[in-house]
Amino acid sequence: MKQPCSGVILAGGLSTRYGGENKALLRVGGIRILDRLFAVYTELFKEIIIVTNRPQEFLDWDALIVTDVFPVRSSLTGIHAGLFYARHPFAFFCACDTPFLKKEVVETVLDNLEPEVDLVIPQTAFGFEPLCAAYSQRCLKAAEEHIRQNKFKIQLALSEKRVKAIPEDILRKKDPEFHSFFNINSPEDLARAEQLAKNATVTEKTEYFIS
């Protein structure tokens, strides 16, 4: 890691397709998604932050638990909150419903951090991946200004910032199927995640915290 960086997990989604159920606590292959993410984060970050509006559900994890500064639920407000509370000049963000985040992909993002860069973000043929990216504290003001104007598109808020994109060919070397960017938005997605976990050809040696 070239620059000091906090690790932030956004866990403030509405989960409407799950009747309000906390997606971070869904199990994939018998392991809670949040535990999978922590297995990666604890190897990379000294400061881990969980942004959530349900803090009582995350007290068992060794992390700084914070809530949104603005009472509006969106990825941009979560990014704003994570940067607001982070003590390092950069913060890496992912969503709590991404069960297959690979350490190697995160390391690739972190290795591209530079003092003069505001955002390091993966880019594939499908577009940018703003919830597998690292943001500079310089993004905080721009995020706040857009939130106050009820504008919540991440790319629009940070369109004038200095962006370094990680190209697809580099990403494929670390995660050939881009499973790091797979997130669970529906029961169908969860079923697919279970199948992906079952069909994994390489056994993960990382120790998970299974309750």
Given side chains that start at C-beta, do those of [X] and [Y] come closer than 4.5 Å, heavy atoms only?
X	Y	result
F182	D189	yes
D62	I48	no
L113	C5	yes
F45	L110	yes
F178	E129	no
V109	P122	yes
L131	I79	yes
I50	V66	no

* To do: Go through the steps to decide whether D175 and E104 satisfy the test side chain to side chain contact (heavy atoms under 4.5 Å, CB included), and finish with yes or no.
  => CA-CA 8 Å; D175 187 358; E104 294 80 4; over 6 Å; no

Taking all atoms of both residues into account, what is the closest heavy-atom pair of [X] and [Y], and its distance?
X	Y	value
L10	S75	CD1-O, 4.0 Å
C96	A11	SG-CA, 3.7 Å
P55	N53	CD-C, 3.3 Å
S180	V105	OG-CG2, 3.5 Å
A197	F100	N-CZ, 4.1 Å

Okay, side chain of [X], backbone of [Y]: is any donor-acceptor separation there less than 3.5 Å?
X	Y	answer
E43	K103	no
Q149	E145	yes
E194	G29	yes
E168	Q123	no
D35	I31	no
K102	K174	no
T77	D68	no

[atom1] of [X] to [atom2] of [Y]: how many Å apart, nearest 0.5 Å?
X	Y	atom1	atom2	value
T108	K173	OG1	NZ	10.0 Å
I49	R87	CD1	CZ	9.0 Å
C139	I154	SG	CD1	10.5 Å
N185	L190	CG	CG	11.5 Å
L101	C132	CG	SG	5.5 Å
I65	D60	CD1	CG	10.0 Å

Please set out all donor-acceptor pairs under 3.5 angstrom arising from side-chain atoms of residues 156-165, sequence neighbours excluded.
| from | atom 1 | to | atom 2 | distance (Å) |
| --- | --- | --- | --- | --- |
| S159 | OG | L156 | O | 3.1 |
| K161 | NZ | R138 | O | 3.0 |
| R162 | NE | E116 | O | 3.0 |
| R162 | NE | D118 | OD2 | 3.3 |
| R162 | NH1 | E116 | O | 3.4 |
| K164 | NZ | N112 | OD1 | 3.1 |
| K164 | NZ | E114 | OE2 | 2.8 |

* To do: Please step through side chain to side chain contact (heavy atoms under 4.5 Å, CB included) for the pair R32 and L26, ending with a clear verdict.
  => CA-CA 5 Å; R32 291 176 299 190; L26 292 175; over 6 Å; no

* To do: Determine whether the side chains of K153 and Q155 contain a donor N or O and an acceptor N or O closer than 3.5 Å.
  =>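 No pair is found: no donor N or O on one side chain lies under 3.5 Å from an acceptor on the other.
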
* Under 3.5 Å, is there a donor-acceptor pair between the N183 and T98 side chains? ->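 Absent: no donor and acceptor within the cut-off.
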
* Asked: Under the ring-ring contact (aromatic ring centres under 6.0 Å, His included) criterion, do Y135 and F93 qualify, and how do the steps go?
  -> CA-CA 8 Å; Y135 297 74; F93 288 81; 5.4 Å; yes

* Give the intermediate values and the outcome of side chain to side chain contact (heavy atoms under 4.5 Å, CB included) for residues V28 and I184. => CA-CA 10 Å; V28 174; I184 296 175; 3.9 Å; yes

* Go through the steps to decide whether C94 and L37 satisfy the test side chain to side chain contact (heavy atoms under 4.5 Å, CB included), and finish with yes or no. => CA-CA 9 Å; C94 80; L37 293 173; 3.9 Å; yes

* Could you tell me whether F38 and Y41 have their ring centroids closer than 6.0 angstrom? =>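 When the ring centroids of F38 and Y41 are compared, they turn out to be at least 6.0 Å apart.
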
* To do: Return the set of residues passing ring-ring contact (aromatic ring centres under 6.0 Å, His included) with F70 (not counting sequence neighbours), or none when no residue passes.
  =>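 If we apply the ring-ring contact (aromatic ring centres under 6.0 Å, His included) test to F70, skipping adjacent residues, the hits are H80.
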
* Answer yes or no: is there an ion pair linking R148 with E144, defined by an N-O contact shorter than 4.0 Å? =>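 Here R148 pairs with E144 in a salt bridge, since their nearest N and O are under 4.0 Å apart.
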
* Taking only Lys NZ, Arg NE, NH1 and NH2, and the carboxylate oxygens of Asp or Glu, determine whether R192 and E188 approach each other closer than 4.0 Å. =>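 No, no charged N to carboxylate O under 4.0 Å.
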
